[in-house]
Amino acid sequence: MKDGLKYIIGKKITSIIVARKEPPDQRSHVFFIFSDESSFEFWGPNFSCVSGLYYGGIEYAINYTRSLGAKIINIYPKNLIPETAKNHTREKAARIRTLERLSYILECVALDYLGEAKTELLSLSNLLCSDSQ
């Protein structure tokens with residue numbers, strides 16, 4: 001795993017993009033978009049991370065994801081994309097649970113519990129991908 005995780009400590013996550021490449025590759029990509037318009041990518045079957053931040057906000061991350069040939073599975077919060085479901089209470093509860101899990105992942109990263117962070121991130125990615133189906 002590259003050491004780019006050190007750059008996300010203390011940043012505020014404002015959006016998340018979840019994407020997956022089509023077979024035979026099927027790599028997953030999870031982008032955290034931060035309040036300063038930077039982003040960070042976890043990718044691959046074991047969620048390796050990049051060595052630094054990308055700049056350009058959510059638009060850059062969406063365009064970059066598409067340039068990889070990956071399909072965007074979900075974008076959080078939902079109000080950044082056209083909503084099909086109007087059950088805001090359920091969506092808000094799901095976002096709160098997601099943010100709590102992301103906080104836990106970042107806490108694991110900060111404490112250098114990378115194995116636990118990878119396990120939780122994989123679980124969260126699977127959950128987020130299943131939410132879109």
Side-chain angles (χ1 to χ4, degrees):
M1 179 176 278
K2 296 181 181 177
D3 66 348
L5 290 169
K6 64 186 174 188
Y7 298 110
I8 66 174
I9 302 299
K11 289 192 171 279
K12 180 181 176 186
I13 299 170
T14 57
S15 308
I16 302 168
I17 297 173
V18 179
R20 181 167 291 142
K21 289 186 93 169
E22 297 296 323
D25 190 356
Q26 289 189 302
R27 279 192 296 189
S28 295
H29 298 266
V30 176
F31 289 87
F32 292 170
I33 314 300
F34 302 107
S35 58
D36 65 356
E37 294 294 305
S38 63
S39 61
F40 190 81
E41 177 189 11
F42 292 94
W43 60 275
N46 295 317
F47 285 103
S48 296
C49 67
V50 294
S51 60
L53 297 171
Y54 300 126
Y55 293 92
I58 194 163
E59 292 83 12
Y60 173 84
I62 288 171
N63 291 333
Y64 178 71
T65 300
R66 289 181 177 150
S67 76
L68 296 172
K71 178 182 176 191
I72 295 175
I73 304 297
N74 243 321
I75 299 178
Y76 296 93
K78 293 285 191 184
N79 64 0
L80 293 176
I81 57 175
E83 290 189 50
T84 55
K86 295 295 182 183
N87 188 343
H88 298 291
T89 304
R90 191 177 83 199
E91 287 180 11
K92 184 176 180 181
R95 281 195 296 263
I96 290 169
R97 285 191 305 275
T98 299
L99 290 173
E100 287 171 348
R101 291 181 77 177
L102 288 171
S103 294
Y104 175 70
I105 291 167
L106 292 176
E107 188 177 319
C108 288
V109 168
L111 297 173
D112 207 24
Y113 299 146
L114 299 182
E116 179 71 19
K118 283 173 85 171
T119 300
E120 185 66 17
L121 188 58
L122 180 60
S123 171
L124 180 59
S125 173
N126 289 336
L127 174 70
L128 295 176
C129 288
S130 69
D131 280 353
S132 69
Q133 298 172 353

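Small disclaimer: the values here were computed from a predicted structure and weren't measured.
- Leu53 and Lys11 get closest at one heavy-atom pair: CD1-CE, 3.5 Å.
- Closest approach of Ala61 to Ser39, counting heavy atoms only: CB-OG, 4.5 Å.
- Between the NZ atom in Lys71 and the NZ atom in Lys21 there is a gap of 15.0 Å [rounded to 0.5 Å].
- Tyr64 and Tyr54 have tilted rings, their planes meeting at an angle from 30° to 60° on a 0 to 90° scale.
- In this structure, CD1 in Ile13 is found 11.0 Å from CZ in Phe40, a value given to the nearest 0.5 Å.
- The structure places CD1 of Ile72 at 5.5 Å from CD1 of Ile17, a figure rounded to the nearest 0.5 Å.
- Closest of all the heavy-atom pairs between Glu41 and Leu68 is OE2-CD1, 4.3 Å.
- Relative ring orientation between Phe34 and Phe32 is described as perpendicular, the plane-to-plane angle rising above 60° on a 0-90° scale split at 30° and 60°.
- Counting heavy atoms from C-beta outward, Ile62 and Phe31 have side chains that stay 4.5 Å or more apart.
- For the pair Thr14 (side chain) and Ile33 (backbone), a donor-acceptor distance under 3.5 Å is present.
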